[in-house]
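See structure below.
Computed over heavy atoms, backbone and side chain alike; hydrogens, waters and symmetry mates excluded.
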Amino acid sequence: MSPPTPRLRRALLVLTTVLAALLCALAPLPAAADGSAGTAPADTAPAADTAPAADTAPTVGDGPADWTARPAGGDADRDARPYVYLEGTPGTALQDRLAVTNPGRAPLTVRLRGDGRAGAWIGFAADTVTVPARTRAEVPLALTVPPDAVPGDASGEVVADDGDEEIRVPVRVRIGGPTLAALTVEDVEISGDTIRYALVNRGNAMLEPRLAVRADGVFGTLLDRPERPLPLELAPGRRVERTEPWPDAPALDAVTVRLRVTAPGGARAEAEASATYIPVAPAVGGVLLVLGGLALLGSGAYRRRRTRRGDPEPPATETGGTEPPGTETGGTEPPGAESADDGQPTTETRPLVKAGPLVKAGAES
């Protein structure tokens, strides 16, 4: 049997390498000793899921590890109210409570104050409260609606501050009486790929506006976004400036953008703005091209006009006293002059032209 050729040896080597790679891929990897590879045993929970014991809670120095301030309610987080909500008529006093929880090992001292329109109507049983370690304290508060308050919704905040951290609790107040939902869209402006506008609550009710956007160009509709809720609550008298992105704005077109805003209660407003999109570089090039063409047309028209009119001939000059042909002398009438009808010569005379001395050709001086 003849020995294998070099080509056959190379084929066998490649085949052996491929088989070895397949065997390595199919073989299970051994678990690493430090747990960096493989899977954790089923009966061993991850370290991140293991909560520390209550007596070993981490603290920063001797201060509280964390604290909260929220409307008083159930003990569980799911039962806690997201904000303080009160209802009343003008001139009435409404009461509620604020819960401050201190899970740390040291006492917690917080200062309380109101902020915003409804926050200015709030008074606390104590403006400064000290909460013992691992204790929750409930602070009574009273909100007095002014006698001249306009019916509708009012908003504000309760601010709890420990000197390092500040927690704000929203406050919503519904004032009894007839309500009016009204808003306007103002200062609509188109700037490149951004639409800017402002919303103003002109009524006395809290509004949750919805926005629809439409843009029309020369050749049809460029943008048509259906009505969608905006992520904000517009309090009475509040003005908010917002922007609407338009990443697909045209490069060359004349567009009109229309904004339509609605809100529950029958509030509705519309506004529009126009803009012209012109590329800068092509526009400058076009202007230069037009100016150059006008300059060429003007130059050609000027040359044609001079050609049709002709250049003026230079005036004749006297040479050496020689009399030009046809020069009249002495005031004699030209041949062929006729008398008047009465046979008398006419009295009209022509101006005399002074002739220079005659010089005979070849005469000696």
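Scanning all heavy atoms of the two residues, the minimum distance from Pro209 to Ala263 falls at CA-CB, 4.2 Å. For the residue pair Ala215 and Trp246, the shortest heavy atom distance occurs at CB-CH2, 3.7 Å. Nearest heavy atom pair, residue Ala267 against residue Ala181, reads CB-O, 3.7 Å. Contact between Ala182 and Leu207 at its shortest, heavy atoms only, is O-CD1, 3.6 Å. The two atoms that bring Ala93 and Thr144 nearest to each other are CB-OG1, 4.0 Å, heavy atoms only. The two residues Asn102 and Pro132 have their closest heavy-atom pair at ND2-O, 3.0 Å.
Val188 and Leu183 end up in the same hydrophobic cluster when Ile, Leu, Val, Met, Phe, Trp and Tyr side chains are linked at under 4.5 Å. Tracing side-chain contacts under 4.5 Å through hydrophobic residues (I, L, V, M, F, W, Y), one reaches Leu230 starting from Leu259; they form part of the same cluster. When hydrophobic clusters are built by joining Ile, Leu, Val, Met, Phe, Trp and Tyr residues whose side-chain heavy atoms come closer than 4.5 Å, directly or via intermediates, Val169 is not grouped with Met206. Under a hydrophobic clustering in which Ile, Leu, Val, Met, Phe, Trp and Tyr are joined whenever their side-chain heavy atoms come within less than 4.5 Å, directly or via other members, Val261 and Leu232 fall into the same cluster. Taken together through direct or relayed side-chain contacts under 4.5 Å among Ile, Leu, Val, Met, Phe, Trp and Tyr, Ile195 and Val200 form parts of separate hydrophobic clusters.
Going from atom OG1 of Thr243 over to atom OH of Tyr197 covers 7.5 Å, rounded to the nearest 0.5 Å. Between Asp115 atom CG and Arg113 atom CZ the span is 5.5 Å, to the nearest 0.5 Å. In this structure, CG in Leu211 is found 9.0 Å from OG1 in Thr262, a value given to the nearest 0.5 Å.
Salt bridge absent: Glu244 and Arg196 never bring a charged side-chain N and a carboxylate O closer than 4.0 Å. Remark: Glu166 does not engage Arg111 in a salt bridge, criterion side-chain N to carboxylate O under 4.0 Å. Ion pairing between Arg168 and Asp161 fails under the 4.0 Å rule for side-chain N and carboxylate O. Salt bridge annotation for Arg239-Asp187: present, with a cationic side-chain nitrogen under 4.0 angstrom from a carboxylate oxygen. Remark: Arg260 does not engage Glu272 in a salt bridge, criterion side-chain N to carboxylate O under 4.0 Å.
For the pair Asp253 (side chain) and Val218 (backbone), a donor-acceptor distance under 3.5 Å is present. With hydrogens and angles ignored, the 3.5 Å screen pairs a side-chain donor or acceptor of Thr135 with a backbone N or O of Ala133. Judged purely by atom type and a 3.5 angstrom limit, Asn201 has no side-chain atom pairing as donor or acceptor with the backbone of Gly237.
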Item to complete: List the steps and the verdict of side-chain hydrogen bond (donor to acceptor under 3.5 Å, both in side chains) for Glu233 and Ser155.
Response: CA-CA 10 Å; Glu233 287 186 343; Ser155 62; over 6 Å; no
Fill in: side-chain hydrogen bond (donor to acceptor under 3.5 Å, both in side chains) evaluation trace for Thr221 with Asp216
CA-CA 4 Å; Thr221 302; Asp216 296 318; 3.0 Å; yes
Discussion item. I'd like to know whether Asp153 forms a side chain to side chain contact (heavy atoms under 4.5 Å, CB included) with Val173, so could you lay out the CA-CA distance, the side-chain angles of the two residues, the decisive distance to 0.1 Å, and finally the verdict.
Written reply: CA-CA 6 Å; Asp153 297 327; Val173 181; over 6 Å; no
Discussion item. Run the side chain to side chain contact (heavy atoms under 4.5 Å, CB included) test on Leu94 and Trp121 for me, step by step, so that the C-alpha distance in whole Å, both residues' side-chain angles and the decisive distance to 0.1 Å come before the verdict.
Written reply: CA-CA 10 Å; Leu94 310 174; Trp121 304 341; over 6 Å; no
Practice prompt. Assess whether side chain to side chain contact (heavy atoms under 4.5 Å, CB included) is satisfied between Arg258 and Glu270, documenting all intermediate values.
Written response: CA-CA 7 Å; Arg258 295 178 177 84; Glu270 293 185 1; over 6 Å; no
Worksheet item: Does the side chain to side chain contact (heavy atoms under 4.5 Å, CB included) test come out yes or no for Val139 and Leu112, once each step is laid out?
Response: CA-CA 10 Å; Val139 183; Leu112 304 176; 3.8 Å; yes
Fill in: From CA spacing to verdict: side-chain hydrogen bond (donor to acceptor under 3.5 Å, both in side chains), Glu186, Thr184
CA-CA 6 Å; Glu186 303 176 359; Thr184 57; 3.1 Å; yes
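In the displayed structure, Tyr83 atom OH is contacted under 6.0 Å by at most 12 heavy atoms of other residues, nucleotides or ligands. Remark: Arg97 CZ is loosely packed, at most 12 non-hydrogen atoms of other residues, nucleotides or ligands lying under 6.0 Å away.
Side-chain contact of Thr109 with Thr130: a donor-acceptor pair under 3.5 Å is present, judged by distance alone.
A heavy-atom distance below 4.5 Å is not found between the side chains of Pro236 and Arg202. In this structure the side chain of Pro151 reaches within 4.5 angstrom of the side chain of Pro178, judged on heavy atoms. Using a 4.5 Å heavy-atom threshold, the side chains of Thr101 and Trp67 count as separate. Between Asp248 and Leu223, the closest side-chain pair of non-hydrogen atoms is not below 4.5 Å. With contacts defined as side-chain heavy-atom distances shorter than 4.5 Å, the pair Pro170/Val84 does not qualify. Contact of the Arg81 side chain with the Asp96 side chain is registered, since non-hydrogen atoms from C-beta on lie closer than 4.5 Å. Taking the side chain as every heavy atom from C-beta outward, Leu143 and Val171 approach each other to under 4.5 Å. Residues Arg70 and Leu98 form no side-chain contact, since every pair of their non-hydrogen atoms from C-beta on lies 4.5 Å or further apart.
Cation-pi geometry between Arg172 and Tyr85 is not met at under 6.0 angstrom from the ring centre and within 45 degrees of the axis.
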